[in-house]
Amino acid sequence: MSMPMSTVSVSSSIVFGVYRNVLRNLCKLKYGTTTVKPSKFDIFLSGYAAGGAQILVSSPADMAKVRLQTQMCPSNSTTSSLLTGPKYTGPINCLLTIVKEEGFLGLYKGSSALMFRDCNSFATYFLSYAILREWLLPFEQSNSEFIGVLFAGGFAGVVAWGIATPMDVIKSRLQADGVTQQRYRGVLHCIRESVRQEGITVLFKGLSLNCLRAFPVNMVVFLTYEAILRQIKPFSE
């Protein structure tokens, strides 16, 4: 977990930074001002762009995490290999080994599934947050918004992971593929084989845990996001 933990702040700053800047520029381009209330499509499109941008950082980190978590035994199954230890000794060694054996693009294996996951989930994430917050609070209300932000953020995280989980399963399988032998030829082949062998429910493995985790995490995420926006607002006007 050291790799995703060390890069999560960078990845999150890219997501929220790209989202905020794309949204501001869309509003300026369409309406001539950044103070106007953005449309739902503006929010969706900005979230979609944010999800795609952060893949540059999240894909290598996620690759190292998946490879290390799925590392069950030494790289070979022979008795002599037991003396050599596991194939990867840590996240940096894992990334260097992937580059050496699979090339630099090996770090982005499964990135097409990751893009399907993150673009759609982050678009839904920001859109559902905006809708829920607007439903829970008037648009310009500034008092007593603490509870509204918490619940809107929490439910937005649950909705986003509901969208993301099927592609998260496929992404993880593609990233783990090739440690011993190549099983999947691509995203569609991985989906077909997974569903054929394990049924359609395989695409929703871990959904309950993802949603259970998403609610408290995204309550804190959006509360922090709104607090920071309030602090920097005088400097951005």
Side-chain angles (χ1 to χ4, degrees), residues 1-12 14-16 18-19 44 47-72 91 94-95 98 105-129 153-179 182-219 221-222:
M1 289 301 298
S2 58
M3 180 59 71
M5 285 178 66
S6 63
T7 58
V8 66
S9 60
V10 178
S11 179
S12 294
I14 292 173
V15 167
F16 283 90
V18 170
Y19 167 75
F44 182 88
Y48 198 92
Q54 58 94 42
I55 290 173
L56 292 172
V57 173
S58 65
S59 184
D62 213 45
M63 171 67 82
K65 182 194 74 170
V66 169
R67 288 287 178 94
L68 287 166
Q69 287 179 336
T70 56
Q71 184 172 238
M72 304 287 291
C94 179
L95 293 176
I98 291 170
L105 292 180
L107 298 177
Y108 293 90
K109 190 173 185 179
S111 60
S112 54
L114 188 62
M115 184 166 288
F116 280 125
R117 185 196 76 173
D118 286 352
C119 288
N120 291 297
S121 65
F122 276 111
T124 308
Y125 180 59
F126 286 108
L127 179 60
S128 58
Y129 173 75
F155 281 115
V158 171
V159 172
W161 270 107
I163 299 294
T165 295
M167 273 302 165
D168 187 59
V169 172
I170 299 304
K171 179 270 307 175
S172 296
R173 293 192 171 203
L174 287 170
Q175 288 178 328
D177 194 34
V179 175
Q182 191 85 19
R183 294 178 57 194
Y184 307 117
R185 296 192 297 269
V187 174
L188 294 178
H189 182 251
C190 182
I191 294 173
R192 284 198 305 268
E193 288 299 302
S194 298
V195 172
R196 184 180 65 83
Q197 294 175 13
E198 303 173 56
I200 192 68
T201 56
V202 70
L203 299 178
F204 298 94
K205 278 188 173 182
L207 175 60
S208 57
L209 185 60
N210 284 338
C211 292
L212 187 65
R213 177 193 65 181
F215 194 88
V217 167
N218 289 285
M219 286 172 66
V221 166
F222 272 106

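This is a predicted model, so every value here is computed, not measured. The analysis underlying the following values was restricted to heavy atoms, covering all of them including side chains, and did not include hydrogens, waters or symmetry mates.
Note that the CD1 atom of I163 and the SG atom of C119 stand 13.5 Å from one another [nearest 0.5 Å]. Atom NZ of K205 and atom CZ of R173 lie 5.5 Å apart (nearest 0.5 Å). Put simply, CD1 on I55 and OG on S111 are 7.0 Å apart, with the number rounded to the nearest 0.5 Å. For the atom pair CG (D62) and CZ (R117), the distance works out to 6.0 Å, reported to the nearest 0.5 Å. Note that CG of L207 and CG of L212 are 11.0 Å apart. Values are rounded to the nearest 0.5 Å. N120 contributes atom CG, which lies 11.0 Å from atom CE of M115 (distance to the nearest 0.5 angstrom).
Distance alone, capped at 3.5 Å, is enough to place a donor-acceptor pair between the T70 side chain and the V66 backbone. Formation of a donor-acceptor pair under 3.5 Å by the Q54 side chain with backbone atoms of G51 is found in this model. Within the 3.5 Å criterion, the main-chain N or O of A164 finds no donor-acceptor partner in the side chain of D168.
Other residues, nucleotides and ligands contribute more than 12 heavy atoms inside 6.0 Å of the CZ atom of R213.
Put simply, the side chain of V202 does not reach to within 4.5 Å of the side chain of Q197, judged on heavy atoms. The closest side-chain heavy-atom distance from Y108 to L114 is not below 4.5 Å. Using a 4.5 Å heavy-atom threshold, the side chains of Y125 and V159 count as separate. Taking the side chain as every heavy atom from C-beta outward, W161 and F215 never approach each other to under 4.5 Å. Contact check for Y48 versus F122: no side-chain heavy atoms found under the 4.5 Å cut-off. Using a 4.5 Å heavy-atom threshold, the side chains of R185 and R192 count as touching. For the pair L174 and K171, the minimum side-chain heavy-atom distance is 4.5 Å or more.
Nearest heavy-atom pair, T7 versus A61, reported as atom, atom and distance to 0.1 Å: OG1-CB, 3.3 Å. Of all the heavy atoms in A64 and C94, the pair that sits closest is CA-SG, 3.9 Å. Nearest approach of D118 to S58, heavy atoms of both residues: OD2-OG, 4.1 Å. Across V18 and A53, no two heavy atoms sit closer than the pair CG2-CB, 3.9 Å.
Side-chain contact check for N218 and Y129: no donor-acceptor pair (N or O, by modelled atom type) lies under 3.5 Å.
Applying the side chain to side chain contact (heavy atoms under 4.5 Å, CB included) criterion to I200, with sequence neighbours excluded, gives V195, L203.
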